[in-house]
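Structure first, then comments.
Whatever order the structure lists them in is the order used to number ligands and atoms, beginning at 1.
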Amino acid sequence: MKDKSIITISTINGTRGFHLAPWHFKTFKIVSALIVFFFLALTINLFELSDKMDQVTLSENQLISQANKLQHQLISQENTLQGTITDLSDEKLELKQDINQRDSMLDKFYTRLNNLENYLEGDSSLNDTKQNLGASESIDSRLNAATINSALRINFLRNVPNGSPVKKARLSSQFGYRTHPVTKKRKKHRGLDFAVNTGTPIYATADGVVEMARKSNLGSGNFLRIQHSHGFSSSFSHMKSFKAHSGQFVEKGQLIGYSGNTGMSSGPHLHYEIRFVGRALDPLNFVRWNNDNFDTIYEKEKGIKWDYLVQKQEQQINIQLQLLSQLDAALLVQSN
Ligand SMILES: [Zn+2]
């Protein structure tokens, strides 16, 4: 009996007893202890878990707030970038317009240069500068060649007699040997006769200075001579009256007097001479000389050392070009 315990359970249906051995108690204690331990461990774990959950929630909130911040930053950056893109687009548009303008200016420039070159074409005998430039000639060389060529022409057609001294006139006598209409002797006619009525206006055929305006009833009659650059002179005989006096500077195209019939003359006309350092040249070559046939004079008047004249002129123009480009460079440095 000592080793056994009895548990009695009473109900309305009576009382029942259960015999319990000591191992039953041991088992019961162990099971109870295990259950208590299990619940304790569970509670501790639950606390830790809840703690961790709190931490997780905290860091999750932090992350969300950081993400929000980042999003705001990105949105603001995006706005800034969009602003920049708009600015750049505007700038690009302006630049495009600028480029278009410059392109059109460059087109115009090339067209003008080509026109100028075409205008100057046919100057093969003298325009060495242009000839020596190969296919790879730079725009600078082309410009320089065109500038030199046009400057040379302007200079020559300004300073060397060219064109007619009277408007729309028939020629009555050419330069060269002929029988003189008054003396009837065969003699060299050193000028060109224009059949013009008395009082026809006479114009200077180049810039120069009036060397003499001399009245006379003999020989050449009222006679006017102009000295020009490069050794040329032009003279007008049998004039009615003068519109320029000795020592006066005159310009090409300026009225210098009126034609007449003074001196040894068989009828109203203008006797026109052109001389190079005193030697009479055929005035017709110079009367017919203009920009369109500029080079022909070099062939027709071989007695003049045109090469030297042209070379000197080109040197002078080159110096002027260099001075101008130096001035341009100096102005560019100043403006920067
Ligand atoms: Zn004559």
Side-chain angles (χ1 to χ4, degrees), residues 157 159-246 248 250-290 293 296-297 299-304:
L157 293 176
N159 296 303
V160 178
N162 63 94
S164 177
V166 285
K167 287 175 184 168
K168 293 177 192 167
R170 183 177 61 84
L171 297 176
S172 52
S173 188
Q174 302 267 351
F175 175 86
Y177 283 96
R178 63 159 191 184
T179 306
H180 195 275
V182 177
T183 62
K184 306 292 178 193
K185 282 181 184 169
R186 190 165 168 79
K187 201 187 164 195
K188 189 172 182 181
H189 185 224
R190 297 185 192 279
L192 191 66
D193 288 349
F194 293 95
V196 285
N197 293 328
T198 297
T200 302
I202 302 169
Y203 304 97
T205 49
D207 288 3
V209 58
V210 178
E211 185 194 347
M212 66 165 77
R214 180 194 62 200
K215 285 197 171 228
S216 171
N217 293 318
L218 306 169
S220 298
N222 294 339
F223 174 83
L224 187 145
R225 184 157 60 214
I226 303 173
Q227 288 291 344
H228 305 284
S229 299
H230 312 305
F232 292 89
S233 69
S234 59
S235 70
F236 311 83
S237 304
H238 317 298
M239 288 172 70
K240 181 191 167 201
S241 57
F242 304 123
K243 275 286 173 187
H245 54 83
S246 174
Q248 183 180 339
V250 291
E251 290 186 2
K252 178 175 168 59
Q254 186 176 331
L255 179 72
I256 52 168
Y258 296 94
S259 70
N261 192 26
T262 56
M264 193 163 64
S265 173
S266 60
H269 78 285
L270 171 69
H271 175 88
Y272 176 54
E273 285 189 15
I274 290 178
R275 289 180 186 239
F276 179 71
V277 282
R279 182 166 55 86
L281 307 172
D282 185 352
L284 195 56
N285 292 332
F286 293 86
V287 167
R288 287 178 176 164
W289 187 32
N290 59 51
N293 57 16
T296 56
I297 200 73
E299 288 300 311
K300 293 199 167 154
E301 278 304 339
K302 286 188 173 162
I304 294 161

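The atom name of the N/O/S atom in D193 closest to the Zn ion (ligand 1) is OD1. The minimum distance between the Zn ion (ligand 1) and any N, O or S atom of H271 involves atom ND1.
Judged as a ring-ring contact (aromatic ring centres under 6.0 Å, His included), and not counting sequence neighbours, the contacts of Y272 are F236.
Defined by atom type and a distance below 3.5 Å, a donor-acceptor pair is missing between the side-chain atoms of H271 and S220.
Residues R178 and D193 have side chains in contact (heavy-atom distance under 4.5 Å, counting atoms from C-beta outward).
In the displayed structure, K252 atom NZ is contacted under 6.0 Å by more than 12 heavy atoms of other residues, nucleotides or ligands.
One of the N, O or S atoms belonging to H189 lies under 2.8 Å away from the Zn ion (ligand 1).
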